[in-house]
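Quick notes on the structure that follows.
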Protein chains: 2
Amino acid sequence: MLARKCVRALDYNCNLYYLFLYQKHYNENVFLTLISSAGRLDGKMREKTLTMDTLNPQVKAVEYAVRGPIVIKAGEIERYLEEGGTKPFSEVIKANIGDAHAMGQQPITFLRQVVALCTFPELMDSPSFPEDAKWRARRILQGCGGHSLGSYSASPGVECIRKDIAAYIEQRDEGVPSDWENIYLTTGASDGIMTILRLLVSGKDSSRTGVMIPIPQYPLYSAAISEMDAVQVNYYLDEDNCWALDINELHRAHQAAKQHCQPRVICIINPGNPTGQVQSKKCIEEVLHFAYEENLFVMSDEVYQDNVYAPDCQFHSFKKVLYEMGPEYFSSVELVSFHSTSKGYTGECGFRGGYMEVINMDPEVKAQLVKLLSVRLCPPLAGQAAMDVIVNPPQPEEHTFKQFHQEKSSVLGALAEKAKLTEQILNAVPGIKCNPVQGAMYAFPRIFIPPKAVEEAKALGMQPDMLYCLRLLEETGICVVPGSGFGQKDRTYHFRMTILPSIEKLNVLLGKVRDFHIRFLKEYSGLE
Amino acid sequence: MLARKCVRALDYNCNLYYLFLYQKHYNENVFLTLISSAGRLDGKMREKTLTMDTLNPQVKAVEYAVRGPIVIKAGEIERYLEEGGTKPFSEVIKANIGDAHAMGQQPITFLRQVVALCTFPELMDSPSFPEDAKWRARRILQGCGGHSLGSYSASPGVECIRKDIAAYIEQRDEGVPSDWENIYLTTGASDGIMTILRLLVSGKDSSRTGVMIPIPQYPLYSAAISEMDAVQVNYYLDEDNCWALDINELHRAHQAAKQHCQPRVICIINPGNPTGQVQSKKCIEEVLHFAYEENLFVMSDEVYQDNVYAPDCQFHSFKKVLYEMGPEYFSSVELVSFHSTSKGYTGECGFRGGYMEVINMDPEVKAQLVKLLSVRLCPPLAGQAAMDVIVNPPQPEEHTFKQFHQEKSSVLGALAEKAKLTEQILNAVPGIKCNPVQGAMYAFPRIFIPPKAVEEAKALGMQPDMLYCLRLLEETGICVVPGSGFGQKDRTYHFRMTILPSIEKLNVLLGKVRDFHIRFLKEYSGLE
């Protein structure tokens, strides 16, 4: 009784939950002593140190739609279903994030064998592990302190892995040289992108740093720009032209930005996220020429380099194109290219592996980069090992080649099929228009939202495509991300969905999207 | 010939290396075309976008001695020896960084078994893996998307691992409640510390944020403070009192800081890095009372909580002490505690595992924290799995308990022995004074440096203990970090060395330090 009274007295500024737990562990005598403190608390409300008012405003400004409110809602619905709640659907299908394994894609056996061998070297004696995997694991461990995955690596990564990456790039780019000392392993590509932006952007600068990014973009970029208080300079991709990058638009955006900031960086995502386009060689040349002329630092996000499906498209690395433009360009344009274990045919997101190749960086700045990386010590070693398998896969003469090749082709073949399927089904829906998914892992269809629905969304204080996606989630269990989370031209609306679910599930998903869209149009515009 | 001339013309602002490689791949005709560009380059030196002048000045200000110049020098010497060069020693002993496996410590078998099973679940069928490891791995995989370590987890980490951590904390703290939703997995402790500071520090703030840190400190703190443009507020640990934290010194530092910034955070490292002290319960109470009175956010770095060697010392978590101070404190002081897989008895640095527990954080701010974490997607899954083994180790009734317990005791027993040995041998050297290594993994002895050596260092533009450590490295191959990299009182000099080498190697190392120190004193002061 006394305890309860006491709890009530403290209630308003204490965490009731803790107090009740406290009660479980300490006896009532302890609670007697609370009366005095309760009295004190009555008189003085102790303010928190960290509140929404005192929070770093740059953190407040950050937005990251891929894991934003709609995904939180999806999680709530999932839990509700698990606890026996009922909905007009039996499961939530998460097509919001490029997380292949979560959607049922199987890991590449060989990659996992190598990482398991590195993790538990006693397996070297096991006859069930192939020799091809064993020698790779031994070689990686030779490069690790104490021959253990549990030691820190050098901050830029394990030396032999850096060398393997450089060799891989040379092969990919048909002989264009790659220096292993320009390779830095990262904790996923996101970490590399943030680190390079950190070098370029000073919060203190009087003339603020402009960072050119495509719209639509992957929201890591806008989030990083907010967090670092840089200026986001939007260049719009051309939806009517398969989301191609238009060089005139780059000039326009750059000219306009120069009025209020100092544009110093251009970010490119190729193949595109969320837009799925694959850039032509000509387009890349134009971008590089532009960067050369305008003295821009180039950040080329090439994490989807293995994800090209359209038969008339091909991945061209920015580095190779730069090289072919001649030494005037190749010896001067500062370029960083990013890659990752999370995408491609491996989809190893959880390993947080990645690398960046840095071209033409001032040597003193490079030393500063290494220093900055060293503060976080090193990227996870298992991710580094996974990256090594990607750049040093089984060769035709190795026993493991056949299975590896089958698994790789199966993943990429299915993705190509799903890319086609998604485009076809969506384009058959009235009021949806979807560009071909040439590459990457996403469709970014444009959706017609009737004016009445736009008004309703505005009244609710949300973006119209957020309203659309929330309704889609609540009525069908399908979780996609509103286009407004990626950026889009005013008065156009989109959503991003991954093409990762299995073909069966993707068919179900697309059918549900179609039915929902038709219902939605009917409800808001009376169309049928 | 033409090509060579052309190369010479371009030489001054082109990367010669690339040009030669270019020559390898393209024929002389290509070089003919270079003449025009060479002409152009003659007329106009294209400036780099990112130079030391344009680099983010906050990055420039960052220092991180643990991987600083002395370690780079050590790497050079290692390579020189490998290539057959001769030195007065045959190997470099790296006692600069708390990297246990690199120093030969063996991984805990059970931990690696669980992570290997998670990595390659086909091993579930292998009779050579214990059931205790299999059920843990199965449970972790159940919590992963698609039951794969290759999927992203929720940004705060895998739910069942968060729950295991909360249960572990409750047990460690003898029943003090821990809510799993307050647990956030991190990419090593460094990542968590940076993230929390990011919430607290705004580069824009007119009244700049003061962050109180111990001196000597682990240089992650000063590096983060520089990078974020916060104000470093030093409180000095009491060397004459075993590096204890003195509450009067906290008051002094806080009062002084209030003149030029707004102190909002206090960081504590317990057990201490680099100082090795273990804080008493009374000391922790005083710190918490101080934080309560001064409205400071408390960051408690407890990554060495399992590394306590002195028989009269015991680890007390800040959280438990806060709880025992009563609900007035426990319901109001904002506290974050950090832990890691990298230290303790596991020493799994390469896995980049860790967690933080967040107490009394404003719920809206917590949502902002989750948003910020989500931009980097999630901590590496293998590191999360490793963390799970640490908080959910084999129990006495399990078959694996005996081996696990033996391995754990053997590591911790050896560390305790090495802590004692280090203190004893160092204290027997004239001009060296070393406090007891009560915990953590380092000795931080004070070294007498003769005035003549101090002068010589000044003439060379370096700190006297940097000169000392460089000489030690060059003459003996022992790599330790100068005290100036951690901070120390003016006109006192120290170095930090780890106690991680094997006992045999540590004996050799300490003997060499002794002989070097005596030689050094003799050389600069004629003492014998």
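Not measured: the values here are computed from a predicted model.
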Side-chain contact test, heavy atoms from C-beta onward, threshold under 4.5 Å: evaluate it for [X] versus [Y] and give yes or no.
{"X": "N295(A)", "Y": "T49(B)", "value": "yes"}
{"X": "E122(B)", "Y": "Q113(A)", "value": "no"}
{"X": "E227(B)", "Y": "R198(A)", "value": "yes"}
{"X": "Y152(B)", "Y": "I97(A)", "value": "yes"}
{"X": "L200(B)", "Y": "N56(A)", "value": "no"}
{"X": "C118(A)", "Y": "R112(B)", "value": "no"}

Gap between atom [atom2] of [Y] and atom [atom1] of [X] - 0.5 Å precision:
{"X": "L149(B)", "Y": "F351(A)", "atom1": "CG", "atom2": "CZ", "result": "5.0 Å"}
{"X": "L220(A)", "Y": "L377(B)", "atom1": "CG", "atom2": "CG", "result": "8.0 Å"}
{"X": "L123(A)", "Y": "S126(B)", "atom1": "CG", "atom2": "OG", "result": "7.5 Å"}
{"X": "L369(A)", "Y": "L50(B)", "atom1": "CG", "atom2": "CG", "result": "9.5 Å"}
{"X": "T51(A)", "Y": "Q368(B)", "atom1": "OG1", "atom2": "CD", "result": "11.0 Å"}

Checking heavy atoms, do the side chain of [X], its backbone, both or neither come under 4.5 Å from chain A?
{"X": "A189(B)", "result": "neither"}
{"X": "S190(B)", "result": "side chain"}
{"X": "K60(B)", "result": "both"}
{"X": "S153(B)", "result": "backbone"}
{"X": "A100(B)", "result": "neither"}
{"X": "C144(B)", "result": "neither"}
{"X": "S155(B)", "result": "both"}
{"X": "T109(B)", "result": "both"}

Output yes when a side-chain donor or acceptor of K48(B) lies under 3.5 Å from a complementary backbone atom of S332(A), and no otherwise. no
Below 4.5 Å, heavy-atom pairs only: which of [options] has the largest tally toward chain A?
{"options": "S374(B), A223(B), A116(B)", "answer": "S374(B)"}
{"options": "V370(B), L117(B), L381(B)", "answer": "L381(B)"}
{"options": "P121(B), G145(B), G150(B)", "answer": "G150(B)"}

Which bit of M103(A) is near chain B, if near means a heavy-atom gap under 4.5 Å: side chain, backbone, both or neither? neither
With a 4.5 angstrom heavy-atom cut-off, is it the side chain or the backbone of A154(A) that approaches chain B, or both, or neither? backbone
Among [options], which has the most heavy-atom pairs under 4.5 Å with chain B?
{"options": "Q384(A), M361(A), M52(A)", "result": "M52(A)"}
{"options": "L111(A), V265(A), D191(A), I72(A)", "result": "D191(A)"}
{"options": "E348(A), E364(A), K371(A), K94(A)", "result": "K371(A)"}
{"options": "G146(A), P380(A), C378(A), C349(A)", "result": "C349(A)"}
{"options": "L296(A), L372(A), T119(A)", "result": "T119(A)"}
{"options": "T346(A), V115(A), D99(A)", "result": "D99(A)"}

For V59(A) versus L199(B), what's the shortest heavy-atom pair and its separation? CG1-CD2, 3.8 Å
Identify the heavy atoms of R352(B) and P379(A) that sit nearest to each other, and give their distance. CG-C, 4.1 Å
Side chains of H101(A) and S151(B): is there a donor and an acceptor less than 3.5 Å apart? no
May I ask you to check whether T187(B) and R376(A) show a side-chain donor-acceptor distance below 3.5 Å? no
CA sep, side-chain torsions, deciding dist, call: F129(B), F120(A), ring-ring contact (aromatic ring centres under 6.0 Å, His included): CA-CA 11 Å; F129(B) 280 75; F120(A) 195 60; 5.3 Å; yes
